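The block underneath contains the structure these notes are about, expressed in structure tokens.
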There are 2 protein chains.
Amino acid sequence: MNLKELAETLGLSQTTVSRALSGYPEVKEATRNRVRIAAEQSNYRPNTRAKSLATGRAMAIGHVIPVDSKNEVVNPIFAEFIAGASETYTRHGYELILSIAHDEDQARIYNELKSKRSVDGIIVHAPRIADPRIKLLQNIGLPFVVHGRVSDEGKEYSWVDVNNKRAFSRATNFLIDLGHRRIALINGIETMHFASQRRQGYLNALTEHNIPHDTTLMYAAELTEVYGYQSAKALLSLAEAPSAFVVSSYIVAIGARRAIEEMDLKLGRDVSLITHDDELSYFSSAEDIPQFTATRSSVRQAGRRAAEMLLDIIKHPTHAPRSELLKAELMVGLSTGPHRSPRLT
Amino acid sequence: MNLKELAETLGLSQTTVSRALSGYPEVKEATRNRVRIAAEQSNYRPNTRAKSLATGRAMAIGHVIPVDSKNEVVNPIFAEFIAGASETYTRHGYELILSIAHDEDQARIYNELKSKRSVDGIIVHAPRIADPRIKLLQNIGLPFVVHGRVSDEGKEYSWVDVNNKRAFSRATNFLIDLGHRRIALINGIETMHFASQRRQGYLNALTEHNIPHDTTLMYAAELTEVYGYQSAKALLSLAEAPSAFVVSSYIVAIGARRAIEEMDLKLGRDVSLITHDDELSYFSSAEDIPQFTATRSSVRQAGRRAAEMLLDIIKHPTHAPRSELLKAELMVGLSTGPHRSPRLT
DNA sequence: GTCCTGTTTCAAAGCGCTTTGGGTATGATA
DNA sequence: TATCATACCCAAAGCGCTTTGAAACAGGAC
């Protein structure tokens, strides 16, 4: 069933039917109802493609998910972020077009989405410290919101981010207050902006307390369980092993816990650990006391907010760039405790 | 830049330019090259919407991801499956349209995708035992491939699945061969087809060895870490605790491991565990010996195959339904060992 | 030179919608 | 009665592409 047919059965013109359904005022309420009912009955819905062509709006948002070229790892936070964004899109009648691409293909994909007119806007995932995608998108004139930030000053763009630096300095301070002095950092790849910020926060806290920076305690890599396991294991095997860890993802923390337990240490007693927790739903901390002390911030909420922001930008293209800083709470769980004198073996 | 402009700058008609770019034979090789180069230079790409409207093909596939209504849990295997499917789509010039919906909204969304002509086909995720979506899609005439199966006999449809029943009977048999007799099942929700099949496999193995079925050893719920933790803890606290577990997901297994270790038991020695492993990339078992003995099957590969199948169905609509059964290998890891006499406390 | 065949190109229709720029009642006003 | 808003509705253009049916041209056969 299409507009033409629907109009014919109603004995009205396409114009009137179209207007009736889109809520234009110049159509009698009685006719509008008649049209509405007929549309309902015949299960009519305007063809998206035709509508887009006529209006020039694609009514779709692009998400280009990066995949690590070496290990083909897809970071699970994207699924959760997108779950949040999707809610918003559905509510506003937008579609979500997803593609998954290696870093080196991202620019090409943006270009394509633009020149094929497939989308009205883009969410930029996983920004690097000085991410060329920002300038690219500004040049080709495609509205976008960054999930995270880049550190190029003077660039004006819209973003939604959590206060990573503050979260990690807070976490580190918390451990220092518990008496820990040798604190390890198990971080993401530090060309990623979020990871570099977290490192900053960690280092700042150490500096504040005159604790020297020890690069043997700092790891950075793709955030997998095995990475958490292996780095924690290596760290705990050091002659001067750390007594506490600050960790960049829940999954990495799980790997670290595995290493800790395998070495017959007890998390929260022999070793303390604070992780960042994106509140992935299947790790839902629906427990009285969470297993990990964590800096917690809902990535699904970030998805919702970023999507709303992008739709708003599309609606009001002339406005100045917007931004929103979500804060991460420090939630105390079972994985932290006071520093104890070196264990006797 | 659009077709008309490109044609004008070249001094050719739109017809010729369009044909040149789409590789039709009735255009001289010299002109084709001229067109190609000009298109390249001006970064021309056909407007997807206009193209779809003209051809009647949306060049897009819909994925409707279910989200658990109670806990809003998004199962992480979807991200991985979609990563696989996306590869295929990109290669064939298709887009992937994603929406996330509660179970009760799924039918409506399928209907909308169809009547709005947004997609040429659909991947059905997370089928239930007698899933009404199959008939719905057949009725409205939208090509689809199911990731998994439904148990309604006589329904002809296309699917990609793993041999869940066989995998779980194999796992259970393996534990029985190790001397275990009290074997617990920590399963997904058993109205889901995959979960009911796994239960079948588990029960079959017990029956074969004349081991009575004990429903106090069987759990079924949404596959989260906390669920794994709580159910394992409850099971191990039984007067007649199980000595082995068969578990439906890697994440649940991680929760179970947490419970096991918290009770000062050693996995692989005091307690054995076999999990299903969908090979989620961030849990990549890139270790010499995997931490868990597992029935392993790549869900990303399933995504690739399902996508290929769907595109093939769209291309050849008259063919009979296709199907593909992927097998899960049993990979022996560190989490299983021979049964020991009851621990002394 | 004419006719035919095959190659290369084109004009125009059509996909299903929105939207512009009228048209035609209807009723109030002078 | 003529005039003018006002309310309601319509025909047709246009969005950017594919595709049909036909035209123009070249080359070979006669």
Side-chain angles (χ1 to χ4, degrees), chain A residues 1-36 38-39 42-60 93-95 112-120 315, chain B residues 1-36 38-39 42-60 93-95 112-120 315:
Chain A
M1 172 65 73
N2 61 22
L3 224 209
K4 193 170 164 193
E5 289 162 21
L6 182 61
E8 272 166 14
T9 57
L10 280 164
L12 288 170
S13 76
Q14 297 188 37
T15 315
T16 307
V17 175
S18 171
R19 289 194 148 144
L21 292 174
S22 329
Y24 278 65
E26 55 272 76
V27 63
K28 195 163 42 171
E29 210 48 40
T31 359
R32 188 193 304 286
N33 280 333
R34 208 157 65 87
V35 172
R36 279 235 179 92
S42 52
N43 200 26
Y44 168 78
R45 255 175 292 261
N47 180 317
T48 349
R49 310 293 158 152
K51 188 169 176 171
S52 290
L53 186 55
T55 58
R57 277 171 291 122
M59 295 304 284
Y94 276 74
E95 288 173 348
E112 276 187 23
L113 287 173
K114 166 70 177 180
S115 53
K116 290 160 75 177
R117 265 147 237 237
S118 294
V119 300
D120 298 321
K315 208 189 229 167
Chain B
M1 173 64 74
N2 60 22
L3 224 209
K4 193 171 165 192
E5 290 162 21
L6 182 62
E8 271 166 14
T9 57
L10 280 164
L12 288 170
S13 75
Q14 298 187 37
T15 315
T16 308
V17 175
S18 171
R19 289 196 147 139
L21 292 174
S22 329
Y24 279 64
E26 56 271 75
V27 63
K28 194 161 46 171
E29 209 49 40
T31 3
R32 187 192 306 284
N33 281 333
R34 207 157 64 87
V35 172
R36 279 235 179 90
S42 51
N43 199 27
Y44 167 79
R45 254 175 294 262
N47 179 318
T48 349
R49 309 293 159 152
K51 187 169 176 171
S52 290
L53 186 56
T55 57
R57 277 170 290 122
M59 296 304 282
Y94 275 75
E95 287 172 349
E112 277 187 23
L113 288 173
K114 166 69 178 183
S115 52
K116 290 159 76 178
R117 270 151 233 230
S118 293
V119 300
D120 297 321
K315 208 189 231 167

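As the structure is a prediction and not an experimental result, all values here were calculated from the model. Below, chains carry the letters A, B, ... as their sequence lines are ordered, and counting in each starts from 1.
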Separation of C:dT7 P from B:Leu12 CG (nearest whole Å): 19 Å

Atom-to-atom span, NZ of B:Lys4 to C1' of C:dA12 - whole angstrom: 13 Å

B:Lys51 atom NZ, neighbour heavy-atom count above 12 within 6.0 Å: no

Gap separating the CG atom of A:Asn2 from the CG atom of A:Asn47, nearest 0.5 angstrom: 8.5 Å

Pairwise distance CG(A:Leu12) to CZ(A:Arg19) - rounded to 0.5 angstrom: 13.0 Å

Strand contacts (DNA chain D) in residues 19-30 of chain A, 4.0 angstrom heavy-atom criterion: A:Arg19, A:Glu26, A:Val27, A:Lys28

Distance-only donor-acceptor test (3.5 Å): side chain A:Thr15, base C:dT19: yes

Taking all heavy atoms of [X] and all of [Y], pick out the closest pair and write down the distance.
X	Y	value
B:Ser52	B:Ala58	OG-O, 3.4 Å
B:Lys116	A:Thr48	O-OG1, 2.6 Å
A:Glu95	B:Ser118	OE2-OG, 2.6 Å
A:Arg32	A:Gly23	NH1-CA, 3.2 Å
B:Gly93	B:Met59	O-CE, 3.6 Å
A:Tyr44	A:Leu21	CE2-CD1, 3.7 Å

End-to-end axis angle, where each axis spans five pairs of the helix from C:dG1-D:dC30 to C:dA30-D:dT1, to 10°: 70°

5'-most by nearest nucleotide on DNA chain D - A:Thr31 or B:Lys51: A:Thr31

Expected output: side-chain A:Ser42 to main-chain A:Ala38 donor-acceptor under 3.5 Å: yes

Start and end of chain B contact along DNA chain D [non-hydrogen atoms, under 4.0 Å]: D:dG16 to D:dG21

Residue whose closest nucleotide on DNA chain C lies nearer the 5' end, B:Thr16 versus A:Asn2: B:Thr16

Side chain to side chain contact (heavy atoms under 4.5 Å, CB included) between A:Asp120 and A:Tyr94, intermediate numbers included: CA-CA 10 Å; A:Asp120 298 321; A:Tyr94 276 74; 3.7 Å; yes

